[in-house]
Amino acid sequence: MAEVTCGSMEAREAGASCAVSAGLCGPHRTEECWLQAGCTFAERWLFTEGPSLAEDIQQFREGILRCLCRSGKQEEGRLGLPVSYSFVSVSELKSQQRSPCCSHLFWSTDQYNKWTRQGEALLHNQKALPRACLLLIGYLTDQASVEKARRVDGSLYVRDKSSAMPCEMLHFSLDLLDQLLLFPGWSYLPAQHSSGGYLEILAPPISISPKPERLISSEGQPINVLYPHAAVQLLHTRTEGRFPPVNVAGELCRYSSLLDLRGRIFFTLFLKCFSTDHCVPVLVQDPTKISWHFSLSVGSRYVITRLHVTVVQRSKHRLLQVSTASRLFPFSEGQVWEQELPPEALLSQNRAPSKAEVNPQDSKGSLEDTLTPKIKLSKVISYKGTVTKVLNARAGLYEVDGSICVCVAYQQLVNCGRGLRPGARIEMRDVHFLQRPSPHFPLVVLCCCLQSVILIQEFSSLCSAHQPFYTSRNLFVSLLLKHHLGLPQYLWLVKTVKDLQDKFCPHFIKQHQLEASVGTIAHRITEEVLVPILRSLSPSEHRCRNVEEEIAVVEQHQCPLTKYSPLKGPCEVLSLSQLYADAERQGWERLCLPQLLPSSQAQYMNTQELNRSLAWSFLTLDAQDFQPQCILLGVLRSSSRSGSLQLQDESRSVPCLIIKRGRACCSHFTDTGFIGNMLLMERFQVVVERFIRSDFPSWRQLASPEYVREKRSRVYIQFYMEDAVNLGQSGAVSRLHQLPREVKLQSAPHEIPAEPVASKDQPSKRQAEPDPSFHVPLKAKVARVMEAGEATRTEHLGDAEATCAEHQGGGKSDEIGRQGSVSQLFLLVHKEGLLLRNCTPIQGDGTRDIGQQERLTLQLSFQATVVWVGKPRAEPGDTQESPEIIDGDWERLREPQRVLLLFTGKSIRWFPVLHPDCLYRLIIPRCSDVGVFKRLCAPTVPVKTQHLFNCPLLLVVPENWKLHYVTLLESLIEHQDLYQTLARGRPELHSVAEILQPKFTRSLVSFVGEIAERTLCEPERKSWIPTSLSKGRDEGVFLPWEYTLKLTVRDTSSSRSTLHVYINSSVPLLLGLLPKAQVHFYNLERKTSKLNNVYCKFVACSSFSVMELPSHPALRSAALDSESPPPDSSLPMMFLSQLMLQPEQSSRGRSVCHVVCVLSLGLNWLCSHCGSAFVNGSCSRTGPTCSSKTPVFQAYAKIIIEDGSTEAHVMCRNHQVSALLHLPPSEWEGLQQHVLKKGHVYIHHRGWSVEHKCTEAPDEDLLTKYLRKLCLSPLICRPVLLSFRPHQQGKEASHTDSVQTRTFGLGRYEYRTHIPAPLLLMCLELQEVDYKALCHLSSHRIRMAGLGLLPAPECSATRPP
């Protein structure tokens, strides 16, 4: 296999090819040409001009021959020079080499292939470094630049005469420093986006001009040295003055990593005695001695000369310090003499008690005794392994051996982690072993502290890029140091920042901005999200760290990693896709079908009632329902597809509902400035709505999943605006991402013409039936408006900021600001709902469909009735401040001009922020004509009859126009004239009780109510949704299936009055309509059913807005039967006579009454599917036959009650009959089984005999006689607490039915009396009453009778003939 050469070095390899081609001339000609090319290379890149240049070139030639001829490849007549290799300098590598490469001068092809196969076998997704035939020559130095002002930064460099490149070496000797070297084996990693290029020296370099071997003593005499035990005594000596420099000899037991503290590079090494455990620390901070760090080897013996005694800053610890004159030598026993301390030093030493005198075993034991059960003690170990992955380079996290995490954040890597690439074999000394510190990282984490050292044992043979670890401008390191984080807390920080990156990078925030905490959004996220949590996690008592003391103290090692407590995480920043999936998962996992049904009614439901009750349910989740607790972050945008507010991140967008807390006048979200901003919420609700299509025959089969045909869910978020923290606009790139995916502005900018003329050349072909409210003259106006919208469209603004700001209305565009704009202030009087309407077709770029002006398409749109406030104004820029109120501007408001704004296409994004009684500004960007609004408005009726109907004008809002919220109408109350003029046309608000009154005559009503129940029912007729919008059912815009939504709404002030509201499935965005929510309904159609029940229906002009979220949301069924009673505490206590005195206020209530008798009782088994009688184990229906085998038991009873004021007839059903008969559950079930044999049992009250005994039919069976006796027993005729509602009769009921004639006999006389018909009530709940309630009721009735408030029935007696 031929050697692989790197193609980017054509210039250097050209010389080699020339030398090879010259090989035909003679045996030495090729090598001579190659040497001449090397001399030319050295003259250009290595040596400077001067008188010694020729001598330097000659020495270079001789050095090259001396270095390369030792390879043993000499042949007869040849020197064995590698003529296939080209000379290269670091300057050429920087400028020409763009891809990683390696060079192995003395390796064969087999050796290279073996080396690469080992790396590729370790990591299969990485490729090996390609081999280049390049011969690197340069100077090895420890200085960062080649200029005069040289600086030592703790790294080694290979340089030529013009530039230097950092390098990492496996074999370093102090003799190689500042020498011209030939590097036979090296790898080059070029500069990346975040790091510069560097070299990995694979083989020991060869000196071209070697230096003589260094000797400890130049005179050849042994030198005097102190051994560590004597040096320790010297450190504890207390004498005045300074000791002269000393020489110390010992064995290197450990040394710290290089540290850069306040621009000062230093490290500490520890020498111990050869025979004892005495150890002395030595501080090395002289810039000329920092290179010692690369030549040290643990276990080797050294001699260090001319050391001084110094004191650690902010500490009493003393140690030895290297001076400028100090030198480092290998220990040689024959060249040193042991020196004794002077007597005065021995006499004056005063050894104070120190931690060094404490037994390490005792110290460790005492430390373990102080640990709490949740706090663990880390172990200090050494470990060798292979880097397999870079987990997070900015955070200093790496993966070793595929299962161990290595953290270097607590250690300052002055070389930025060069060499820590996947595939590299490393050795870590004195690292902390921590087990299970975080559930989001590997089981074992090795964390490096200031005393730890990472050594590269073998460089990687792969092309894996170098990802540097910088400590400056690093968010992770700065927060770690500022809040004194332990490793579990730091790992949580890394995981949270990673989640934030996944959520918002790169479209919303630049990744480097977030990691460095620069920029507006990145800084706000750090301050609002991370810092408060880190403050709670940081230890309450922490001491200031002394770095010098941590690395210099010989005693028990103390650092932030000594103790740790595993942390599960205080909270978590989930992406919206994870939040959506987790909420959806919890919604279905927590679903229990029997719990969705009322326990007292489930067994009496037939198939239709049962499955309709299961069709819809919901679950609300708070932040605490996610483990760990969830923090919500997202960019608020307004969708132009669905017309809803959405929270968005990189993963997905989720619909949201925002309201204001505690504002009776306006609780709606109106602030357009929030759109496009990033919001932070710690308090919110995630609503999971579940939709099920099922075929359960009865409640007994609820545990069988095969009866569920289809399941769907819808997830959205609701929160109060006061609970959201506005973090501001995302970035310039993110603003383009805020635009809906379908928005593409492609038209060129133009000015609005002074006199726009409608196009008359286009044919008018009507392809669809138009809306009756549109007329032919109006369509020309609509076309003119669309032309104006096209003319005012902006593009090529230069960056994404202007585009997004123009679309969303929340940002500011400098281009638009310079062009100017025209704005009109208006008051929103009424907003219709977002519905499917016939509108002029709009293309994808927002322009009108040329050639099809007359064709109307069905699409989402809404209309808003507004009142112009003041006059249009031309603004020099896109200002968002409201204009000052000037008296002259309001003179025309005595007869305010009403305008109907039509929002269609992409302009429906303004739907969620437009609300009645609010003032907005309608802005036309890039326009200066203040008369544009007057010209673009079109009449909704013919102009000749407009003054007769006082109809508003019509204005179609193009998609590029903007809206800004200004203020509330109530804020103008100080301007009385203006306020009264604007408030004149506001719709009247009614209560639910007023709407239920029979005398109420309005057809359109607006009211505020609290949703008591929500259920789905079959629609009156199927609604058609076009194919283009049918996808909205899958996205949660519409209900998933053809259902009609039924809401039971009660008055906010009283729970007695309830009203049913029906909304068909074609109405989108039914968010927030949950039980216990307060909703403001606008312009609902009031209707009366055949049974005289008043209800409301959602029509085209209707809309709603949620005013208050449920206070205590919980999982419950919202599809209960409408007859299910609310809690007893919510129903008022009342007399039955009050229903007769004020029938128009009839509503639900409670009363303590007495059961007089049971008029009728029916017990039967019916078919669950068709409702026919179920006899002998099968359905009795014939023609066609029913094959259902599932029966349902049902019971009803009609009773007479009285409470002392009047009497009433009450209808009871199912479980209420069981409560009426006062039967325990076992006897009630036994009674059902006896009825099952016959199929049904009916009992009617036949009257009383003279002896006041019930008449019985002679053919009654035993079961019927039992039930008849039971109904007349005192066990049934007892006091009860009855919850009821009035039973409405149909419209066909005669008026005479309200008055009944009864005849009573007394002796020989009969009396005929006209009395009102008894009240008809529906039982909601029947409970037992205790004697305390009876006593309270008796005293209350006595007081009421004394006041004359009890009614007296009318009667007339006639003498019988």
Which heavy atom in [X] sits nearest to a heavy atom in [Y], and how many Å separate them?
{"X": "R436", "Y": "P566", "value": "O-CB, 3.4 Å"}
{"X": "C279", "Y": "F270", "value": "SG-CB, 3.5 Å"}
{"X": "T116", "Y": "L129", "value": "CG2-O, 4.5 Å"}
{"X": "S460", "Y": "P422", "value": "OG-O, 2.7 Å"}
{"X": "F294", "Y": "F172", "value": "CB-CD2, 3.5 Å"}
{"X": "L377", "Y": "Y564", "value": "C-CE2, 4.2 Å"}

Are any of the side-chain heavy atoms of [X] and [Y] separated by less than 4.5 Å?
{"X": "K376", "Y": "P437", "answer": "no"}
{"X": "V431", "Y": "C448", "answer": "yes"}
{"X": "S295", "Y": "L328", "answer": "yes"}
{"X": "E200", "Y": "L189", "answer": "yes"}
{"X": "Y398", "Y": "K389", "answer": "no"}
{"X": "F504", "Y": "L514", "answer": "no"}
{"X": "L170", "Y": "I201", "answer": "no"}
{"X": "F266", "Y": "L283", "answer": "yes"}

To the nearest 0.5 Å, what is the distance between [atom1] ([X]) and [atom2] ([Y])?
{"X": "D430", "Y": "I381", "atom1": "CG", "atom2": "CD1", "value": "10.5 Å"}
{"X": "L122", "Y": "L462", "atom1": "CG", "atom2": "CG", "value": "7.5 Å"}
{"X": "L574", "Y": "C630", "atom1": "CG", "atom2": "SG", "value": "4.0 Å"}
{"X": "F508", "Y": "L633", "atom1": "CZ", "atom2": "CG", "value": "12.0 Å"}
{"X": "L479", "Y": "H484", "atom1": "CG", "atom2": "NE2", "value": "12.0 Å"}
{"X": "S187", "Y": "L199", "atom1": "OG", "atom2": "CG", "value": "9.0 Å"}

**Message:** Walk me through whether F267 and L259 qualify under side chain to side chain contact (heavy atoms under 4.5 Å, CB included).
**Reply:** CA-CA 6 Å; F267 72 96; L259 296 179; over 6 Å; no
Test item: side-chain donor near acceptor, [X] and [Y], under 3.5 Å:
{"X": "H440", "Y": "S438", "value": "no"}
{"X": "S403", "Y": "D401", "value": "no"}
{"X": "R429", "Y": "S382", "value": "no"}
{"X": "S461", "Y": "R117", "value": "no"}
{"X": "S452", "Y": "Q411", "value": "no"}
{"X": "E399", "Y": "T388", "value": "yes"}

**Asked** Considering residues, nucleotides and ligands other than N125, do more than 12 of their heavy atoms fall under 6.0 Å from its CG?
**Response**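 Correct, the count exceeds 12.
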**R585, CZ atom: more than 12 neighbouring heavy atoms under 6.0 Å** =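 Yes.
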Tell me whether [X] is salt-bridged to [Y], with the criterion being a basic N under 4.0 Å from an acidic carboxylate O.
{"X": "E168", "Y": "R418", "result": "yes"}
{"X": "D502", "Y": "K498", "result": "yes"}
{"X": "K114", "Y": "D110", "result": "no"}

**Full working for side chain to side chain contact (heavy atoms under 4.5 Å, CB included) between Y383 and L446** = CA-CA 9 Å; Y383 185 83; L446 301 179; 3.9 Å; yes
Do [X] side-chain atoms and [Y] backbone N/O form a donor-acceptor pair below 3.5 Å?
{"X": "D582", "Y": "Q578", "answer": "no"}
{"X": "Y255", "Y": "V453", "answer": "no"}
{"X": "R421", "Y": "S464", "answer": "yes"}

**Prompt:** Stepwise, does the ring-ring contact (aromatic ring centres under 6.0 Å, His included) test hold for F441 with Y490?
**Reply:** CA-CA 12 Å; F441 287 87; Y490 179 74; 8.9 Å; no
**Request:** Take D499 and K495 through the test salt bridge (Lys or Arg N to Asp or Glu O under 4.0 Å) and record every step on the way to the result.
**Result:** CA-CA 6 Å; D499 293 340; K495 199 262 181 186; 2.9 Å; yes
**Message:** Centroid separation under 6.0 Å, is that true for the rings of W115 and H104?
**Reply:**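 Distance test on ring centres: under 6.0 Å, yes.
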**NZ or CZ of R652 within 45° of Y580 ring axis and under 6.0 Å** =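 Yes, R652 sits over the ring of Y580.
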**Message:** For F476, does the six-membered ring have the charged nitrogen or CZ of R394 within the cation-pi criterion, i.e. under 6.0 angstrom from the centroid and within 45° of the normal?
**Reply:**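 Because its charged atom misses either the 6.0 Å distance or the 45° angle limit, R394 does not stack over F476.
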**Request:** Determine, step by step, whether T268 and S256 satisfy the side chain to side chain contact (heavy atoms under 4.5 Å, CB included) criterion, reporting the C-alpha distance in whole Å, the side-chain angles of both residues, the deciding distance to 0.1 Å, and the verdict.
**Result:** CA-CA 5 Å; T268 306; S256 69; 3.9 Å; yes
**Request:** Let me see the working for I456 and L420 under side chain to side chain contact (heavy atoms under 4.5 Å, CB included), right down to the final yes or no.
**Result:** CA-CA 8 Å; I456 307 295; L420 295 179; 3.9 Å; yes
